[in-house]
Q: 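Got a structure here, written out as structure tokens. Questions coming.
In what follows, every chain begins at residue 1, and chains take the letters A, B, ... in the order their sequences are listed.
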Amino acid sequence: MKIPFYITTTLPYVNAIPHIGHALEFIRADIIARAKKLDGFEVFFNTGTDEHGIKIYQKAKQLGLEPQKYVDETAQKFREIMPLLGLMPDVNFIRTTDKHHVMAAQEFWKIVNKNGLIYKKNYSVKYCIGCELEKTDSELVDGKCPLHPLQDLEIIQEENYFFRFSIFQKPLMDLYEKQEKFVVPNTRLNEIRAFVERGLEDFSISRLASKMPWGIPVPGDETQVMYVWFDALVNYISAVGWPDDEKQFKKFWLETGGVVQYCGKDNLRQQSAMWQAMLLSAKISPSKQIIIDGFVTGEGGIKMSKSLGNTVDPLEVVKEYGTEALRYYVARELAPFEDSPFTMDKFKEAFNAHLANGLGNLVSRVMKMAEANGIKFDEEILKTLLNSNEIKDLQKKYRAGFDEYNIQAASNAVWELISNTDKIVQERQPFKKIKTDKAGGEADIKELLARLNIIGTMLLPIMPETAAKIINLTEKNEMPKEPLFMRK
RNA sequence: CGCGGGGUAGAGCAACGGUAGCUCGUCAGGCUCAUAACCUGAAGAUUGUCGGUUCGAUUCCGGCCCCCGCAACCA
């Protein structure tokens with residue numbers, strides 16, 4: 001009987017096309033999903049697109065498209081990128097415009113409402129006549145719209161539904177206290193704790209449909225649509241069958257102890273506070289863990305932005321270096337939880353050093369020796385090697401890395417093995433030894449083959465295609481027809 | 001006194017009460033199985049700054065300076 005495991009990315013908001021930050025999160029979640037699968041778990045891996053709300057409504061209008069048409073097109077771009085990033089083919093792709101999800105979000109609303117946690121209240125909105133847009137406080141400079149500083153903002157009173165977030169302070173603090181490593185890394189847990197401790201305010205969870213119709217209708221009130229967060233977050237349960245597919249929900253939400261959610265640091269509050277309060281309000285058990293990753297930045301830690309021209313297009317990277325190389329870079333060259341710079345120069349450097357010169361070259365040199373001397377992969381030697389302290393220690397590091405969602409640490413263990421193996425070739429010089437001491441040389445080469453085989457196995461979640469290639473080469477005793485990674 | 005992260009060799013990071021490690025890059029030597037790859041060694045850091053605690057601080061405490069992100073209904 002396989003133990004179920006549920007992991008999800010944040011659903012990207014489709015007001016823009018996929019960027020490197022999305023790619024990074026998809027790849028990380030996929031690596032964990034694959035590692036769990038290889039470990040014998042029955043994995044449900046979820047991703048998809050968040051498609052409602054004002055930004056999308058405006059974006060569609062601006063492009064002269066119906067919102068549905070716009071989101072169909074953009075969602076398709078996200079769907080297409082999944083295989084290019086090497087995601088598992090059975091990844092679940094949910095859209096918040098899916099019928100089932102819409103139904104689930106409405107059902108969720110009804111339950112929360114029934115539990116007395118939704119109420120109506122006047123909400124004042126600041127509106128800039130110049131922009132013809134609502135403005136939030138954070139968008140204002142000295143209380144004025146920075147684009148139209150001479151015009152006063154109009155205050156519009158609007159009646160919205162609110163969620164009683166404020167009463168969840170204590171339950172959330174308890175959750176952070178009791179659930180082990182609820183937020184990873186710990187600094188983020190402290191951050192959200194401090195935030196909740198300061199006190200929570202109810203937040204509005206609907207918009208007037210007359211002004212912004214692009215949302216899920218509020219059950220029982222056609223004049224309002226649900227605010228995107230209240231809709232989008234529900235995907236984590238609707239994706240596993242809530243509310244109607246009890247069997248699926250029981251398996252992947254209840255038996256797993258909840259979902260493991262990957263999200264960016266900008267999503268900390270929504271996922272580890274708002275969403276958890278929402279679940280509590282519907283009497284559903286909380287998520288299992290929230291994994292917060294940092295952002296990729298440009299050179300020098302500066303935020304990536306189109307206007308600065310320091311963005312990196314994941315599709316360009318894949319086109320130039322391939323999917324596997326991008327996965328490598330995400331896994332090992334980026335800090336797992338902190339911001340890290342991502343530039344094409346750095347990428348090339350890492351590619352040459354660790355994929356071409358490191359992994360690829362090692363495969364070529366070992367397979368050449370094996371092939372030239374007709375030496376076959378030996379299961380017995382593999383078994384002995386797996387019992388050595390060196391390999392055991394590395395496997396331990398590798399597993400601990402994955403257990404802590406520290407993909408970098410796990411990957412480092414693999415490259416430590418690669419480096420050790422290069423050293424062995426140099427020290428024992430089997431290519432020379434085989435000429436004078438046939439048995440000794442053969443034994444060395446067999447060990448090298450077994451090492452390569454282990455490297456392949458360890459690479460399976462990180463670089464699945466390369467890993468399969470390496471395993472295949474060692475078992476078939478073939479030199480790669482062309483280098484695995486050609487120097488750039 | 002809004003919140004958080006950070007300032008360590010040319011670059012990117014690590015460590016932690018006992019004078020700093022790794023990766024890339026640079027230089028020298030070795031090897032020739034391999035993708036001008038690989039192995040060994042070297043050069044290169046007064047660990048932002050001032051002060052305190054201590055036998056001893058990069059590591060603990062306090063002040064200051066600088067950088068980055070966020071500031072809730074903006075995904």
Side-chain angles (χ1 to χ4, degrees), chain A residues 10-16 49-56 96 123 125 134-139 160 162-163 165 187-188 190-192 194-195 198 200-207 227-233 263-271 273-274 294-295 297 299-303 332-335 337-341 343 345-346 348-350 352-373 408 412 415-416 418-419 421-434 441 444-445 448 479-480 482-488:
Chain A
T10 301
L11 303 194
Y13 197 61
V14 293
N15 63 341
T49 41
D50 177 6
E51 308 186 359
H52 290 122
I54 183 118
K55 290 225 158 182
I56 286 164
T96 57
Y123 173 53
V125 188
E134 288 177 10
K135 295 280 166 178
T136 63
D137 284 339
S138 58
E139 286 175 307
N160 284 164
F162 275 71
F163 172 59
F165 190 38
T187 52
R188 297 294 171 205
N190 292 338
E191 195 176 334
I192 194 65
F195 167 72
R198 261 176 270 139
L200 304 172
E201 280 175 33
D202 294 350
F203 59 90
S204 114
I205 54 170
S206 72
R207 294 290 181 269
Y227 168 56
V228 277
W229 279 113
F230 210 78
D231 145 11
L233 290 166
C263 73
K265 61 180 186 178
D266 56 339
N267 249 271
L268 175 67
R269 290 174 184 180
Q270 289 85 336
Q271 311 237 14
M274 284 163 60
F295 287 167
T297 67
E299 182 89 57
I302 311 290
K303 188 176 181 173
R332 193 162 103 100
E333 301 292 332
L334 297 179
F337 311 115
E338 307 286 328
D339 290 359
S340 356
T343 65
D345 284 349
K346 280 184 193 312
K348 182 177 170 182
E349 219 175 74
N352 283 334
H354 303 292
L355 292 180
N357 300 351
L359 176 61
N361 181 57
L362 178 67
V363 172
S364 292
R365 68 195 303 207
V366 170
M367 290 321 300
K368 172 70 182 207
M369 283 185 265
E371 196 187 62
N373 296 292
Q408 190 180 41
N412 279 340
W415 262 263
E416 207 177 317
I418 291 171
S419 170
T421 305
D422 262 327
K423 274 179 202 144
I424 286 177
V425 177
Q426 180 61 31
E427 279 160 15
R428 302 195 201 156
Q429 309 206 326
F431 46 87
K432 195 187 270 177
K433 196 194 270 186
I434 193 115
D444 284 343
I445 293 169
L448 292 174
M479 167 96 183
E482 55 192 48
L484 256 34
F485 300 97
M486 205 55 220
R487 258 185 93 82
K488 295 259 182 186

Q: What is the distance from CD of A:E416 to P of B:rU23, rounded to the nearest Å?
A: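 Nearest whole value for this atom pair: 10 Å.
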Q: Starting from P on B:rC33, measure out to CD1 on A:I424 and report it in whole angstrom.
A: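 Atom CD1 in A:I424 sits about 19 Å away from atom P in B:rC33.
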Q: Give the minimum heavy-atom separation between A:A273 and A:I192, together with the two atoms involved.
A: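 Looking at all heavy atoms of both residues, the shortest contact is CB-CD1, 4.0 Å.
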Q: Can you run through RNA chain B from 5' to 3' and write each base as (, ), [, ], | or . depending on how it pairs? Watson-Crick or G-U wobble, both distances under 3.5 Å.
A: .((((((..((((.......)))).(((((.......))))).....(((((.......))))))))))).....
Q: With rounding to the nearest 0.5 angstrom, report the CZ to CD distance, A:F163 to A:E201.
A: 14.5 Å
Q: How would nucleotides 7-14 of chain B be written as a contact map, 5' to 3', with B for base contact, S for sugar-phosphate-only contact and - for no contact, using protein heavy atoms under 4.0 Å?
A: ----SSS-
Q: Please find the pair of heavy atoms, one from A:N160 and one from A:S204, that lie closest to each other, and give the distance.
A: OD1-OG, 3.8 Å
Q: Can you tell me how far C1' in B:rG18 sits from the matching atom in B:rG4, rounded to whole Å?
A: 32 Å
Q: More 5' along RNA chain B: A:D50 or A:A350, using each one's nearest nucleotide?
A: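 Looking at the nearest nucleotide for each, A:A350 comes out on the 5' side.
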Q: Give every pair of a protein N or O atom and an N or O atom of nucleotides 35-43 of chain B that lie under 3.5 Å apart, one pair per line with the distance.
A:
residue: B:rU35; atom: O2; partner: A:F485; partner atom: O; Å: 3.4
residue: B:rU35; atom: N3; partner: A:A356; partner atom: O; Å: 3.2
residue: B:rU35; atom: N3; partner: A:F485; partner atom: O; Å: 2.7
residue: B:rU35; atom: O4; partner: A:G360; partner atom: O; Å: 2.9
residue: B:rU35; atom: O4; partner: A:N361; partner atom: N; Å: 3.1
residue: B:rA37; atom: OP1; partner: A:R487; partner atom: NE; Å: 3.2
residue: B:rA37; atom: OP1; partner: A:R487; partner atom: NH2; Å: 3.3
residue: B:rA37; atom: O5'; partner: A:R487; partner atom: NH1; Å: 3.4
residue: B:rA37; atom: O2'; partner: A:N361; partner atom: OD1; Å: 3.1
residue: B:rA37; atom: O2'; partner: A:N361; partner atom: ND2; Å: 2.6
residue: B:rC38; atom: O2'; partner: A:R365; partner atom: NH1; Å: 2.8

Q: Sticking with atom P, work out how far B:rA43 lies from B:rG5, rounded to a whole angstrom.
A: 37 Å
Q: Applying a 4.0 Å non-hydrogen cut-off, can you work out what A:F295 is touching in the nucleic acid: base, sugar-phosphate, or nothing?
A: nothing
Q: Quantified in whole Å, what is the P atom distance between nucleotide B:rA20 and nucleotide B:rC13?
A: 22 Å
Q: What interatomic distance, in whole Å, is found between P of B:rG7 and the corresponding atom of B:rG48?
A: 8 Å
Q: Take A:V425 and A:M369 through the test side-chain contact (heavy atoms from CB on, under 4.5 Å) and record every step on the way to the result.
A: CA-CA 10 Å; A:V425 177; A:M369 283 185 265; 3.9 Å; yes
Q: Is a donor on one side and an acceptor on the other found under 3.5 Å between the side chain of A:S340 and the backbone of A:A335?
A: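 Pair found, side chain donor or acceptor close to backbone of A:A335.
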Q: For A:H354 versus A:W415, what's the shortest heavy-atom pair and its separation?
A: O-NE1, 3.1 Å
Q: Starting from P on B:rC31, measure out to NZ on A:K433 and report it in whole angstrom.
A: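 Going from NZ in A:K433 over to P in B:rC31 covers 18 Å.
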Q: What's the NZ-C1' distance between A:K55 and B:rC73, to the nearest Å?
A: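 For the pair A:K55 NZ and B:rC73 C1', the rounded distance is 12 Å.
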Q: If you find the nucleotide of RNA chain B closest to A:G53 and the one closest to A:F165, which residue's nucleotide is nearer the 5' end?
A: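 Nearest nucleotide further toward 5': that of A:F165.
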Q: What is the distance from CD of A:E191 to C1' of B:rG2, rounded to the nearest Å?
A: 13 Å
Q: In whole Å, what separates the C1' atom of B:rA45 from that of B:rA9?
A: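 My reading of the C1' atoms in B:rA45 and B:rA9 gives 4 Å.
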Q: Across the strands shown, which category fits A:E482 at heavy-atom distances under 4.0 angstrom: base, sugar-phosphate, nothing?
A: nothing
Q: What is the nucleic acid contact for A:N267, judged by heavy atoms within less than 4.0 Å: base, sugar-phosphate only, or nothing?
A: base
Q: Expressed in whole Å, how much space separates the P atoms belonging to B:rA57 and B:rU19?
A: 12 Å
Q: Which value, in whole Å, describes the distance between the P atoms of nucleotides B:rG62 and B:rU53?
A: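 It comes out at 15 Å once rounded to the nearest Å.
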Q: Check the distance between B:rC22's P and A:R332's CZ and give it to me in whole angstrom.
A: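 It is 14 Å, rounded to the nearest whole Å.
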Q: State, to 0.1 Å, how close A:L359 and A:F485 come at their nearest heavy-atom pair, and which atoms those are.
A: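 Between these two residues, the closest heavy atoms are CD2-CE1, 4.0 Å.
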Q: Rounded to the nearest 0.5 Å, how far apart are OG1 of A:T421 and CZ of A:R365?
A: 10.0 Å
Q: As an exercise, state the distance from CG of A:L11 to CG of A:N267, rounded to the nearest 0.5 Å.
A: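 Interatomic distance, A:L11 CG to A:N267 CG, rounded to 0.5 Å: 10.0 Å.
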Q: Rounded to whole Å, how long is the line connecting atom CZ of A:F431 with atom P of B:rA34?
A: 9 Å
Q: Counting only heavy atoms not in A:K348, do more than 12 sit closer than 6.0 Å to its NZ atom?
A: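 Check fails, neighbour count at 12 or below.
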Q: Taking only the C1' atom of each, what is the distance from B:rC55 to B:rA42 in whole angstrom?
A: 35 Å
Q: Distance check needed: B:rG69 P versus A:D266 CG, whole Å only.
A: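 Checked: the CG to P distance equals 13 Å.
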Q: Between A:L484 and A:G360, what is the shortest heavy-atom contact and its length?
A: CB-CA, 4.1 Å
Q: Between A:R188 and A:E191, is there a side-chain N and carboxylate O pair less than 4.0 Å apart?
A: yes
Q: Between A:F431 and A:I445, does the side-chain contact (heavy atoms from CB on, under 4.5 Å) criterion hold? Intermediate values first, please.
A: CA-CA 9 Å; A:F431 46 87; A:I445 293 169; over 6 Å; no
